[in-house]
Amino acid sequence: MKVSANLFLLFFALATSVQAQELRDLGAHLGAKASEKTTFQTAGPWKPVTDIRSDLVMVYGANDSRRMTFRERVESWRQRGYTAHFMTGIAWGEYQDYFTGKWDGKWHLDEGQKTMRGDTIWHGHLIPYIVPTRNYLAYFKERHVKPVIDAGIDAIFLEEPEFWARAGYSEAFKREWQDYYGFPWRPQHESAENTYLSNKLKYHLYYRALDEAFAYAKQYGREKGMNVRCYVPTHSLLNYSQWQIVSPEASLASMENCDGYIAQVWTGTSREPNYFNGKAKERVFETAFLEYGCMESMTRPTGRKMFFLTDPIEDRAKDWEDYKRNYQATFTAQLLYPQIADYEVMPWPDRIYEGLYRVSANSNERAHIPRFYSTQMQVMINTLNFMPLSENRVSGSQGISVLMSNSLMFQRSPRPVEGYDDPQLSNFYGEALPLLKRGVPVSITHIENVGYAETWKEVKVLLMSYSNMKPLTSEAHRHLAEWVKTGGVIVYSGRDDDPYQGVREWWNQDGMHYDAPSEHLFSLMGIPQKAEEGEYQYGKGKVFVERHDPKEYVLEQGGDRQFVEVVEKAYGKLQKKNSFYLERGPYTLVAVLDEDVVTSEPFVIKGDFIDLFSPELTYLSELSIQPGQQGFLYNLKGIDRKRPQVIAAASRQYDERITDEGFSFTSKSPQGTRDIVCLYLPKDYKSGEFTLTDSEGKAVSHEMRVGQSPRSTIAGRLFWLSFENSPDGVNVQIRKK
């Protein structure tokens with residue numbers, strides 16, 4: 001039976017009242033190929049040790065190798081039941097045939113991104129970060145888009161459209177400058193305006209590159225009778241701004257030929273230090289929460305698809321305990337956005353399962369992934385196959401949002417700009433962290449999306465500043481003013497004296513003569529253009545002006561006190577706490593904040609739960625989650641006690657069947673890892689009779705234990721099976737007695 005992916009996802013929206021086993025059954029009924037819910041990326045062919053059982057695989061790179069062609073790599077995954085998609089880099093990749101002249105007879109290394117010293121920024125041997133010229137795009141479409149569609153792939157992911165802020169000095173970039181601005185190139189390091197204009201051009205070049213590549217892919221697909229979908233895997237605007245990289249970001253959400261994104265958020269991006277209460281440090285959970293929020297808000301008004309990514313390790317060499325701790329933090333953060341239910345469960349499984357990393361922070365010994373961690377990780381990623389959408393919202397005062405713009409990237413420079421300083425992007429974190437640290441789940445609003453009515457659906461108070469970004473159009477101000485007029489509230493923070501206020505832009509061109517863009521916004525609302533600190537009424541709404549740059553709220557200890565008071569005056573009484581709590585169908589999520597801003601008390605939860613962060617899938621009647629930690633639980637309260645079911649497992653189950661004789665299913669997961677399967681069996685199974693066989697019918701060695709709890713009747717009906725995983729499947733049969 002074939003159905004559309006949209007129809008398949010309808011049953012996930014019902015998950016606040018439907019338990020995971022029912023979701024599995026409905027999914028099996030509709031057909032596994034209907035789902036495009038979970039995916040991962042790999043450059044390699046299928047292997048038993050990386051068969052992680054997601055719905056999809058993104059096969060990376062279109063080049064053939066001596067050992068295997070691209071089509072052979074794709075087919076190796078298809079033969080194992082995967083739907084194959086395609087991923088490659090748009091700003092870098094194995095494109096040596098272009099740069100060395102094999103494609104058109106001309107060398108093109110001058111199209112690499114170059115620094116002020118004339119050094120090319122390399123991603124690998126003869127792999128520069130690229131200035132995406134039209135000639136390069138012609139090559140890219142011919143050699144790396146067309147062959148993929150010819151191979152029958154109907155989803156293309158062009159990742160990481162990245163132009164470094166420190167670049168902008170190559171001859172290719174100078175030519176693009178002349179074409180775009182109509183006047184000769186200017187060195188970006190010489191002024192704030194040059195920096196802004198240079199980064200704005202970088203933004204434009206990768207918007208153009210993606211627009212043209214996607215338009216070609218869709219048109220060529222139509223010629224072959226295919227509906228080709230196009231996605232952009234990209235870091236968050238927050239991370240790119242911190243790492244001083246320029247990318248199109250939010251503007252892609254309204255690009256005609258862009259179908260969605262992958263939010264590339266993981267430990268490596270989220271551990272970037274930031275300031276709060278005068279102290280710079282890693283705040284992985286908080287940063288991840290804001291990064292995912294930044295990505296979710298890009299597609300919320302436009303309805304484009306969003307996959308959230310997490311990574312059980314990261315690019316930098318750390319130890320297994322570090323990876324595990326921060327994976328739990330980022331994993332929890334992504335699940336606190338219940339409007340998103342599609343996931344890239346991991347990138348590069350080869351390096352996760354086969355890489356060698358330090359066994360501890362103080363040791364130089366390296367080892368493969370610990371078996372307990374691979375089991376826990378597989379439990380976690382398997383839940384994503386069934387993670388429901390939910391109308392529930394994370395606990396806390398809803399409706400406070402921070403305004404962001406793509407121009408955050410335009411004010412980033414590797415060299416100091418006179419009169420401007422924004423350490424670790426503190427002008428953004430200065431608005432977000434004072435509230436997030438008090439248990440307020442602040443959201444993000446992209447100024448590029450203010451023209452969509454859906455943008456404003458849940459926003460009550462908008463926190464904004466033009467200290468670290470600038471509005472790219474005057475039209476955005478008209479939408480902001482109209483929102484305030486109808487009852488919205490803005491808290492505007494800014495001294496408006498940074499050198500970027502005077503760059504050549506719309507508010508000081510073509511008959512406009514404003515010294516700062518905020519003056520234009522204020523004038524639309526009848527507020528004095530250079531409004532002093534205070535409260536102003538416009539229509540049914542208000543504007544609170546604070547003449548402090550937001551960085552001042554976090555760079556000094558206690559610097560956020562007045563800001564929080566103003567926000568509370570604008571919003572009403574805030575629910576201040578040190579935790580976030582969310583229920584998504586049968587799943588319960590908790591994150592407890594550290595740094596003792598509100599309290600240092602743990603979060604205590606009671607009931608009947610399975611701990612999904614435990615490699616043993618431990619039953620809990622009570623859990624105390626300490627500050628700085630997170631919890632991920634399966635709530636047993638709502639399960640159907642009349643039917644047998646898999647509660648959670650370090651594998652994916654197929655062919656689940658309930659008959660008069662008993663319950664059976666097949667578990668599949670990577671070779672060389674340990675499975676743990678937690679089952680609920682009704683009373684008519686008594687103690688149950690378990691038979692496990694491999695794909696050839698041979699007996700599989702296993703361990704079984706039964707739950708016990710004098711305080712819970714459900715715990716006594718829980719069973720745990722443990723055995724070696726197999727990608728070919730372990731068949732489990734449970735007979736009634």
Side-chain angles (χ1 to χ4, degrees), residues 4-6 36 39-43 55-64 69-71 73-75 77-78 82-95 97-98 103-104 111 130-163 203-234 247-264 298-299 302-307 342 344:
S4 71
N6 287 337
E36 293 192 350
T39 187
F40 65 99
Q41 67 192 67
T42 178
D55 298 325
L56 314 165
V57 59
M58 294 176 289
V59 180
Y60 202 98
N63 290 340
D64 298 336
T69 66
F70 168 71
R71 289 189 180 222
R73 278 190 289 140
V74 169
E75 189 59 27
W77 289 101
R78 285 174 173 166
Y82 288 87
T83 297
H85 291 169
F86 171 69
M87 178 187 280
T88 194
I90 184 72
W92 49 267
E94 297 288 337
Y95 311 142
D97 56 334
Y98 177 72
W103 180 63
D104 63 356
E111 294 177 32
I130 296 161
V131 178
T133 64
R134 293 191 182 278
N135 192 59
Y136 163 72
L137 291 175
Y139 155 81
F140 187 81
K141 289 181 283 189
E142 178 185 309
R143 288 290 180 90
H144 298 276
V145 176
K146 182 178 182 293
V148 168
I149 298 172
D150 288 339
I153 289 177
D154 64 0
I156 293 175
F157 294 75
L158 301 184
E159 75 159 335
E160 298 184 348
E162 298 173 344
F163 212 127
Y203 161 88
H204 159 76
L205 289 175
Y206 270 109
Y207 183 94
R208 183 185 73 182
L210 289 167
D211 192 29
E212 291 191 12
F214 288 165
Y216 172 81
K218 286 182 175 289
Q219 178 59 36
Y220 185 65
R222 283 191 291 269
E223 292 172 5
K224 297 178 72 69
M226 298 169 61
N227 175 28
V228 176
R229 290 154 298 147
C230 301
Y231 302 91
V232 183
T234 177
S247 191
E249 289 294 315
S251 60
L252 300 176
S254 56
M255 179 187 285
E256 180 182 359
N257 294 309
C258 179
D259 294 288
Y261 296 87
I262 295 177
Q264 294 179 317
M298 291 199 303
T299 56
T302 62
R304 307 298 170 93
K305 184 161 184 169
M306 176 68 75
F307 294 89
D342 301 308
E344 182 178 352

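Reckoned from all heavy atoms, side chains included, excluding hydrogens, waters and symmetry mates. This structure is a prediction, so every number in the text was calculated from the model and none was measured.
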Side chain to side chain, [X] and [Y], heavy atoms closer than 4.5 Å:
{"X": "Tyr60", "Y": "Glu159", "answer": "yes"}
{"X": "Leu210", "Y": "Val232", "answer": "yes"}
{"X": "Glu75", "Y": "Arg71", "answer": "no"}
{"X": "Cys230", "Y": "Phe157", "answer": "no"}

Distance-only polar pair, side chains of [X] and [Y], donor-acceptor under 3.5 Å:
{"X": "Asp104", "Y": "Tyr98", "answer": "no"}
{"X": "Thr234", "Y": "Glu249", "answer": "yes"}
{"X": "Thr39", "Y": "Glu344", "answer": "no"}

Does atom CD (Glu223) have a neighbourhood of more than 12 heavy atoms from anything else shown, all under 6.0 Å?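 Correct, the count exceeds 12.
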For Tyr139 and His144, I'd like to know if the aromatic rings sit close, meaning centre-to-centre distance below 6.0 Å.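 Ring centres of His144 and Tyr139 closer than 6.0 Å.
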Does the gap between the ring centers of Tyr95 and Phe140 come in under 6.0 Å?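 Between Tyr95 and Phe140, the centre distance is under 6.0 Å.
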Heavy-atom pair of closest approach, residues Leu252 and Arg304: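 Closest pair (atom of Leu252, atom of Arg304, distance): O-NH1, 4.1 Å.
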Closest non-hydrogen atom pair, Gly61 against Phe86: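 Taking every non-hydrogen atom into account, C-CE1, 3.5 Å.
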I would like to know whether Lys224 and Asp150 meet salt bridge (charged side-chain N to carboxylate O under 4.0 Å, His left out); could you show each step before the answer? CA-CA 8 Å; Lys224 297 178 72 69; Asp150 288 339; 3.4 Å; yes
Could you go through the salt bridge (charged side-chain N to carboxylate O under 4.0 Å, His left out) check for Asp97 and Arg143 one step at a time? CA-CA 10 Å; Asp97 56 334; Arg143 288 290 180 90; 2.7 Å; yes
